[in-house]
Amino acid sequence: MEPIIAGNWKMNKDPAESRTLVQEVMKSVGDIKDRIVILIPPFTSLASVCELTRNTRFKLGAQNMHWERSGAYTGEISGLFLKSLGCEYVVLGHSERRHVMGESDEMINKKLKVALEIGLIPIFCMGETEKERESGSTEDVIRGQFDGGLKGIENEVHKIIFAYEPVWAIGTGKTATPEQAVEVHKFIRGMLKKPGTILYGGSVKPDNIDTLMREDEIQGVLVGGASLKPESFARVIKFQ
Ligand code: PEP
């Protein structure tokens with residue numbers, strides 16, 4: 001399985017800025033052969049990014065979706081619409097959705113089920129807060145998010161990309177050490193009971209990507225801040 005570099009732009013980059021970013025990154029990385037790059041712009045930039053990534057090795061993902069295919073859900077986006085815009089991936093359970101927007105394991109579970117039904121590959125995020133880590137409950141928290149998110153789809157874990165994203169490392173500049181990341185990745189792998197893809201996310205930058213990617217347990221990264229600038233995103237993509 002080729003390593004995955006996924007760039008989550010969060011609520012940044014309008015369509016024109018997204019286009020510029022993609023063009024500059026593509027120019028800088030050239031022909032990428034042995035890795036998968038997933039671009040995850042805001043919904044409003046999906047169409048313009050899709051145009052640029054068609055017939056390239058850059059893939060398209062969305063940051064969220066609703067669990068219904070259509071209906072009276074003002075302001076929400078159906079996974080089917082994402083597919084029609086060329087998305088192959090969707091991020092679900094991101095800590096900002098859980099902690100800022102109040103998404104529960106039950107909501108994330110419904111979204112995961114629908115994503116699988118309609119053929120989107122979920123990037124399912126899990127992670128503990130600083131307080132939870134300090135109190136020694138990291139594994140309990142991850143187990144709760146894992147069990148809650150995967151209720152009824154336990155046999156479909158091979159269709160899901162997992163992302164360990166410690167909340168204390170997201171956007172804070174504090175990266176988990178490779179040892180800390182590996183420990184939790186091994187714990188998640190134990191729950192999977194079969195081979196799976198597990199990404200690490202949390203302040204991944206040009207100066208820590210190479211060390212993180214040297215770990216066999218880390219099959220790729222989910223990158224926020226460092227994916228917003230062409231130089232840093234390109235360097236992360238070109239990890240050695
Ligand atoms: C993220 O939002 O998934 C993330 C990992 O952000 P950052 O790289 O900025 O910590």
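In each ligand, atom 1 is the first atom listed, and ligand 1 is the first ligand listed.
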**OP:** Among all protein heavy atoms, pick out the one at the shortest distance from atom 9 (O) of ligand 1; state its residue, atom name and that distance to 0.1 Å.
**Re:** Gly225 N, 2.8 Å
Original post:
Distance-only, no hydrogens or angles: does the Arg57 side chain make a donor-acceptor pair with backbone N or O of Lys33 under 3.5 Å?
Top reply: yes
Original post:
Hey, is the main chain of Gly144 close enough, under 3.5 Å, to the side chain of Asp147 for a donor-acceptor pair?
Top reply: no
**OP:** State, yes or no, whether a side-chain contact exists between Glu215 and Tyr200 at a heavy-atom distance under 4.5 Å.
**Re:** no
Original post:
Under 6.0 Å from the CD atom of Glu183, do we count more than 12 heavy atoms belonging to anything else shown?
Top reply: no
Original post:
Counting only heavy atoms, which portion of Asn8 has something under 4.0 Å from ligand 1: side chain, backbone, both, or neither?
Top reply: side chain
**OP:** May I have the step-by-step check of side-chain hydrogen bond (donor to acceptor under 3.5 Å, both in side chains) for Trp9 and Gln63, ending in yes or no?
**Re:** CA-CA 9 Å; Trp9 302 347; Gln63 297 175 17; over 6 Å; no
Original post:
Which residue from Glu165, Lys10, Lys205 reaches closest to atom 6 (O) of ligand 1 through any of its heavy atoms?
Top reply: Lys10
**OP:** Tell me which protein heavy atom sits closest to atom 1 (C) of ligand 1, plus the residue, atom name and distance to 0.1 Å.
**Re:** His94 NE2, 3.2 Å
Subject >> Subset of ligand 1 atoms that lie under 4.0 Å from at least one heavy atom of Gly202 >> reply: 5 (C), 10 (O)
Original post:
Counting each atom of ligand 1 from 1 as listed, which ones have a heavy atom of Leu222 under 4.0 Å away?
Top reply: 3 (O), 5 (C)
**OP:** Measure the distances from the heavy atoms of Ala226 to every atom of ligand 1 and state whether one is below 4.0 angstrom.
**Re:** no
**OP:** Measure from atom 10 (O) of ligand 1 to every heavy atom in Gly171, Ala163, Cys125, Gly7 and give the option owning the shortest one.
**Re:** Gly171
Original post:
Is Arg69 close enough and on-axis enough to Phe81, meaning under 6.0 Å and within 45°, for cation-pi?
Top reply: no
Original post:
Between Lys83 and Glu88, is there a salt bridge with N-O shorter than 4.0 Å?
Top reply: no
Subject >> Side chain, backbone, both or neither: the part of Ala169 lying under 4.0 Å from ligand 1 by heavy atom >> reply: backbone
**OP:** Among all protein heavy atoms, pick out the one at the shortest distance from atom 8 (O) of ligand 1; state its residue, atom name and that distance to 0.1 Å.
**Re:** Gly224 N, 2.8 Å
